[in-house]
S.K.: 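Pasting a structure below so you can have a look.
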2 protein chains.
Amino acid sequence: MDQPSRSAGTVRPGGRTARVRAAVLEATQDELVERGFHGLTMDQVAARAGVGKTTVYRRWGGTPGLVADLMNELANQSSPHADTGGIEGDLLANAQSVLDAITDGRLGATFQAVIAAATADEQAAAALRTFYLRRIEEWAKAVDLAVERGELPRGTDGGEVIRAISAPLYYRLVVTREPVTREDAERSVARALAAARAGAFVAAEPAPAPRARPRAHKAVRAHPERQG
Amino acid sequence: MDQPSRSAGTVRPGGRTARVRAAVLEATQDELVERGFHGLTMDQVAARAGVGKTTVYRRWGGTPGLVADLMNELANQSSPHADTGGIEGDLLANAQSVLDAITDGRLGATFQAVIAAATADEQAAAALRTFYLRRIEEWAKAVDLAVERGELPRGTDGGEVIRAISAPLYYRLVVTREPVTREDAERSVARALAAARAGAFVAAEPAPAPRARPRAHKAVRAHPERQG
DNA sequence: AGACTACCGAAACGTTTGTCCCATTAATGG
DNA sequence: CCATTAATGGGACAAACGTTTCGGTAGTCT
């Protein structure tokens with residue numbers, strides 16, 4: 001939200017500023033791995049980065065600002081969706097990357113920290129939301145391709161399929177706080193795929209004819225013959 | 001973990017102690033509604049409850065302890081699973097109760113606070129885990145009944161179905177931080193149900209014969225002929 | 001009713017956290 | 001290479017936080 005990465009107008013993005021930012025973000029990540037978000041202190045980060053405490057407060061405001069900036073940094077490094085040629089392979093790749101983001105030591109600590117920070121700070125929440133909406137949008141393309149290949153019903157909402165795969169993993173991470181395993185990821189894919197094939201991810205109401213809307217109260221069913 | 005509700009051995013659960021606890025927990029909830037977990041301070045809670053700051057520190061230790069105790073209190077008030085006669089109605093009731101727990105002002109603030117607290121404190125995490133595992137276990141019965149009625153494939157994992165319904169809602173709440181609506185809840189039920197009917201929630205490997213294990217890599221399929 | 005004692009509460013205390021001031025450093029532009 | 005000035009860094013400062021002490025209040029038991 002501020003000017004951590006690149007400032008407006010007539011400032012100097014030159015060497016020192018960038019160097020300080022890199023050192024601070026790296027120190028932040030180290031601290032997150034060792035102590036988690038609640039154990040993150042501005043003082044400690046400044047000391048570890050070898051910069052003045054004042055500087056860290058001035059540029060990031062507080063620990064939520066630090067993790068938010070870190071998240072924005074990760075957002076710039078996000079990779080494109082997989083394209084294995086089949087929808088199951090793509091979705092498994094997606095689930096695997098979610099699993100990494102959760103369980104991998106350094107990366108996992110960062111993501112969990114941002115989730116924690118987002119519960120307390122709107123800036124961190126915005127960074128989190130932006131990151132995931134962008135990520136969902138990217139991976140939704142894989143689903144769209146599968147629809148075009150005829151692997152999934154026409155009209156399937158790609159973004160929702162991607163969410164459906166991530167959701168159970170985050171549920172275990174944040175709500176029930178159980179360990180999240182590779183098997184969980186595979187099951188998640190299998191289930192989302194089963195629902196998608198059954199047409200449960202086809203948008204309910206395109207509403208072109210506003211006449212006697214079909215209140216689907218029993219279950220949502222696929223209509224593959226509808227021309228998208 | 002301490003002795004908030006009822007102490008061990010030769011203590012006095014008498015009037016005053018219970019009165020103090022009630023006042024403190026209510027003040028805690030009020031503060032959570034107004035300021036959220038990160039704005040919760042022991043000082044403020046004590047003042048609002050009209051009790052001494054020392055007392056709150058002594059009995060609850062810190063703000064995570066407060067929300068953990070609050071969660072334990074809610075756990076005691078949890079209601080049994082719905083039984084509408086059909087699995088879809090039951091699952092919709094479940095989704096609705098999750099939705100309430102998330103969006104309802106007072107209740108929602110409490111649950112979100114516990115989720116936030118759990119990211120920082122093991123005591124709060126334990127309270128959260130216990131609450132949800134118990135809740136899942138309770139609602140899984142509704143799925144089991146549906147299996148017995150023949151509405152779902154034999155061997156369907158009830159707990160996993162219940163998780164699958166809650167997961168997308170919490171995902172929106174905690175990760176993408178989008179508003180969670182009634183439509184989200186209904187969609188969640190429809191999708192979980194579609195996957196369940198397709199047999200995607202049938203346990204993959206009962207593994208009685210450890211010979212040449214069937215690596216199900218294509219998709220998980222139902223085996224309704226297995227004798228439970 | 002009276003003694004016992006578990007529990008509570010007000011205030012003082014040391015520690016941690018965040019802010020401010022001002023001298024110093026080092027990019028930038030000529 | 002030098003002047004300019006954005007940005008940094010150390011240290012002093014105020015506020016918030018959590019802990020400790022000790023006197024007071026009110027259940028509990030006989």
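Every chain is numbered from 1, with letters handed out A, B, ... down the list of sequences.
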S.K.: Both A:K53 and A:R58 contact DNA chain C. Taking the nearest nucleotide for each, which residue is further toward the 5' end?
M.R.: A:K53
S.K.: List the atom of A:T28, the atom of A:L70, and the distance in Å for their closest heavy-atom pair.
M.R.: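 A:T28 and A:L70 have their closest heavy atoms at CG2-CD2, 4.1 Å.
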S.K.: Is A:R19 close enough to C:dA27 that one of its side-chain N or O atoms is under 4.0 Å from OP1 or OP2 there?
M.R.: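 True: A:R19 side-chain N/O within range (under 4.0 Å) of C:dA27 OP1/OP2.
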S.K.: Would you mind telling me which of A:V143, A:N94, A:L145 makes a side-chain contact (heavy atoms from CB on, under 4.5 Å) with A:H81?
M.R.: A:L145
S.K.: Nearest to the side chain of B:Y57, which nucleotide is it out of D:dG18, C:dA27, D:dG9?
M.R.: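 Nearest nucleotide to the side chain: D:dG18.
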S.K.: Closer than 4.0 Å, any side-chain N/O of A:R59 to the OP1 or OP2 of D:dT8?
M.R.: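 For D:dT8, OP1 or OP2 has a side-chain N or O of A:R59 closer than 4.0 Å.
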S.K.: Compare the minimum distances between each of D:dA6, C:dA11, D:dG10 and the side chain of A:R16, then state the nucleotide with the smallest one.
M.R.: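 Comparing D:dA6, C:dA11, D:dG10 against the side chain of A:R16, the answer is D:dA6.
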S.K.: Can you measure A:Q44 atom CD to C:dT16 atom C1' for me and round it to whole angstrom units?
M.R.: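 Interatomic distance, CD of A:Q44 to C1' of C:dT16: 13 Å.
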S.K.: Look at B:T17 and C:dC7 and indicate whether a side-chain polar atom (N or O) is within less than 4.0 Å of OP1 or OP2.
M.R.: no
S.K.: Exactly one of A:V175, A:V98, A:V180 should register a side-chain contact (heavy atoms from CB on, under 4.5 Å) with A:Y170. Which one does?
M.R.: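 By the side-chain contact (heavy atoms from CB on, under 4.5 Å) criterion, A:Y170 pairs with just one of A:V175, A:V98, A:V180: A:V98.
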S.K.: Kindly say whether A:G86 contributes a backbone atom to a donor-acceptor pair with the side chain of A:T84 at under 3.5 angstrom?
M.R.: yes
S.K.: Between atom CZ in A:R35 and atom P in C:dT16, what is the gap in whole Å?
M.R.: 13 Å
S.K.: Using whole Å, what does the distance between atom P of nucleotide D:dA16 and atom CE of A:M42 come to?
M.R.: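 Rounding to the nearest Å, CE of A:M42 and P of D:dA16 are 18 Å apart.
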S.K.: Using OP1 and OP2 only, check whether a side-chain N or O of B:T55 sits under 4.0 Å from C:dG9.
M.R.: yes
S.K.: Do you see a donor-acceptor pair shorter than 3.5 Å between the side chains of A:S97 and A:R135?
M.R.: yes
S.K.: Would you mind reading off the distance between B:H38 atom NE2 and C:dT17 atom C1', rounded to a whole angstrom?
M.R.: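 Computing the B:H38:NE2 to C:dT17:C1' distance gives 16 Å.
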S.K.: Could one point to a donor on the side chain of B:T41 or the base of D:dA16 with an acceptor on the other under 3.5 Å away?
M.R.: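 Side chain to base: no pair present.
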S.K.: Take B:D43 and A:G52, find for each the nucleotide of DNA chain D with the closest heavy atom, and name the residue whose nucleotide sits nearer the 5' end.
M.R.: A:G52
S.K.: Taking CG from B:L40 and P from D:dC17, how many angstroms apart are they, rounded to a whole number?
M.R.: 11 Å
S.K.: For B:W60 and D:dT19, give me the distance from atom CH2 to atom C1', rounded to whole Å.
M.R.: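 After rounding, the reported distance stands at 18 Å.
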